[in-house]
There are 2 protein chains.
Amino acid sequence: MGTTKAQMFTERQNELAKFFKVLGHPARIAILQYISTQNSCICSTLVEEIGLAQATISQHLKELKSVDLIKGEIEGKSVCYCINVERWQSIQSELNTFFNNTASNCC
Amino acid sequence: MGTTKAQMFTERQNELAKFFKVLGHPARIAILQYISTQNSCICSTLVEEIGLAQATISQHLKELKSVDLIKGEIEGKSVCYCINVERWQSIQSELNTFFNNTASNCC
DNA sequence: TTTATGTATCGCAATATTACGATAATAATA
DNA sequence: TATTATTATCGTAATATTGCGATACATAAA
């Protein structure tokens, strides 16, 4: 118990849920929004901007990376994170497909 | 610890994250997809279709209802669940706004 | 009224997530 | 080389989520 029974669902269902899940935390939303306000890459002024501990931010960044929503390039002693634009668009398109395919005229 | 620090984020960020979070489980994706394949409302053949226990399905339905993605109408001794189409579209539009506003040209 | 059916809720166990301090690892700088 | 700055990872505590059996509750049917 306690574990999601992933084997009961299709690969696509699990993948969709994974994207949604990663986006399902306000800190990760805030990180994405902050990154997007910067014209150039930012590193981790995120810690100051968001106000969570460095370890926590790093963990959230790791999750965003796990679905390739962001990419990080090492730049000297810091790491430059930015949105993976191609991936961003393909995920948006995936989610729209899901929304468009899932609608009913009942009730 | 362990609790999301919602007070650090904007209402909009929390709300967006909440939608994503509810969609972030394959069983709930499967429920939405199954409901949408039915022309008329279904009740809970969902239990048979999805293969989770009745208590578990009921819990997932409750979460979907918590963000108004579905609505349930009592119909005799069963409950007819269906997608809340207006809400569905407004959420899709919200998410697209988020995606469109969050994109950068860095890296 | 009794029985059967469908659903919600309670209580619990297992596991996952969130958050953070401490520490390791890496690279620039003095 | 020693120091400093930046980030990742480890370990841990608190809390949340997932899943299910048991049970309560409501309505239809016998």
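In what follows, chains carry the letters A, B, and so on, assigned in the order in which the sequence lines appear, proteins first and then strands, with residues in each chain numbered from 1.
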Study note, to complete from the structure: Minimal heavy-atom distance between Gly51(B) and Met8(A), with the atoms involved, is O-CE, 2.9 Å
Exercise for review: Send over the distance from Lys18(B) NZ to dA16(D) P, rounded to a whole Å.
Suggested key: 12 Å
Review point. Within this structure, what is the CG-to-P distance between Leu61(B) and dC20(D), rounded to whole angstrom?
Key: 14 Å
**Study point:** Interatomic distance, Ile50(A) CD1 vs dA19(C) C1' [rounded to whole Å]
**Key:** 14 Å
Exercise for review: Look at all strands and tell whether Thr4(B) reaches a base, only sugar-phosphate, or nothing, counting heavy atoms closer than 4.0 Å.
Suggested key: sugar-phosphate
Review point. Of the nucleotides dA19(C), dT9(D), dT9(C), which has the atom closest to the Ala55(B) side chain?
Key: dT9(C)
Review point. Would one find a side-chain N or O of Lys65(B) under 4.0 angstrom from OP1 or OP2 of dA8(C)?
Key: yes
Exercise for review: Please state whether the phosphate of dA25(C), meaning OP1 or OP2, lies under 4.0 angstrom from any side-chain nitrogen or oxygen of Lys77(A).
Suggested key: no
Check your understanding: Ser58(B) or Lys5(B): which one's nearest nucleotide on DNA chain C is closer to the 5' end?
Key -> Ser58(B)
Practice item. Rounded to the nearest angstrom, tell me the gap between atom CD in Gln54(A) and atom C1' in dC10(D). Key: 13 Å
Review point. Counting any heavy atom closer than 4.0 Å, what does Leu52(A) reach on the DNA or RNA strands: base, sugar-phosphate only, or nothing?
Key: sugar-phosphate
Point to revise | N/O (side chain, Lys21(B)) to phosphate O (OP1/OP2, dT17(D)) under 4.0 Å | key: yes
Practice item. To the nearest Å, give me how far apart CD (Glu73(A)) and P (dA27(C)) are. Key: 15 Å
Check your understanding: Does OP1 or OP2 of dA8(D) have a side-chain N or O of Tyr81(A) closer than 4.0 Å?
Key -> yes
Study note, to complete from the structure: Rounded to the nearest 0.5 angstrom, the NZ-OG distance for Lys21(A) and Ser66(A) is 10.5 Å
Check your understanding: Counting only N and O atoms by type, is there a donor-acceptor contact under 3.5 Å from the side chain of Asn84(B) to the main-chain atoms of Lys71(B)?
Key -> no
Exercise for review: Look at the aromatic rings of His60(A) and His25(A) and report parallel, tilted or perpendicular, splitting at 30° and 60°.
Suggested key: tilted
Review point. Quick one: Glu75(B) CD to dA8(C) P, roughly how many Å, whole number?
Key: 14 Å
Study note, to complete from the structure: To the nearest angstrom, the CD-C1' distance between Gln59(B) and dT7(C) comes to 13 Å
Exercise for review: Please determine, for the side chain of Thr3(A), which listed nucleotide (dA16(C), dT7(C), dG19(D)) has the closest atom?
Suggested key: dA16(C)
Revision key, fill the gap. Ranking dT18(D), dT7(D), dC20(C) by distance to the side chain of Ser78(A), first place goes to dT7(D)
Check your understanding: Are any of Thr56(B)'s side-chain N or O atoms less than 4.0 Å away from OP1 or OP2 of dC20(D)?
Key -> yes
Review point. Can you tell me how far C1' of dA16(D) sits from CG of Asn14(B), to the nearest Å?
Key: 16 Å
**Study point:** Distance below 4.0 Å between His60(A) side-chain N/O and dA19(C) OP1 or OP2
**Key:** yes
Check your understanding: Is a side-chain donor or acceptor of Arg28(A) paired with a backbone partner of Val22(A) at a separation under 3.5 angstrom?
Key -> yes
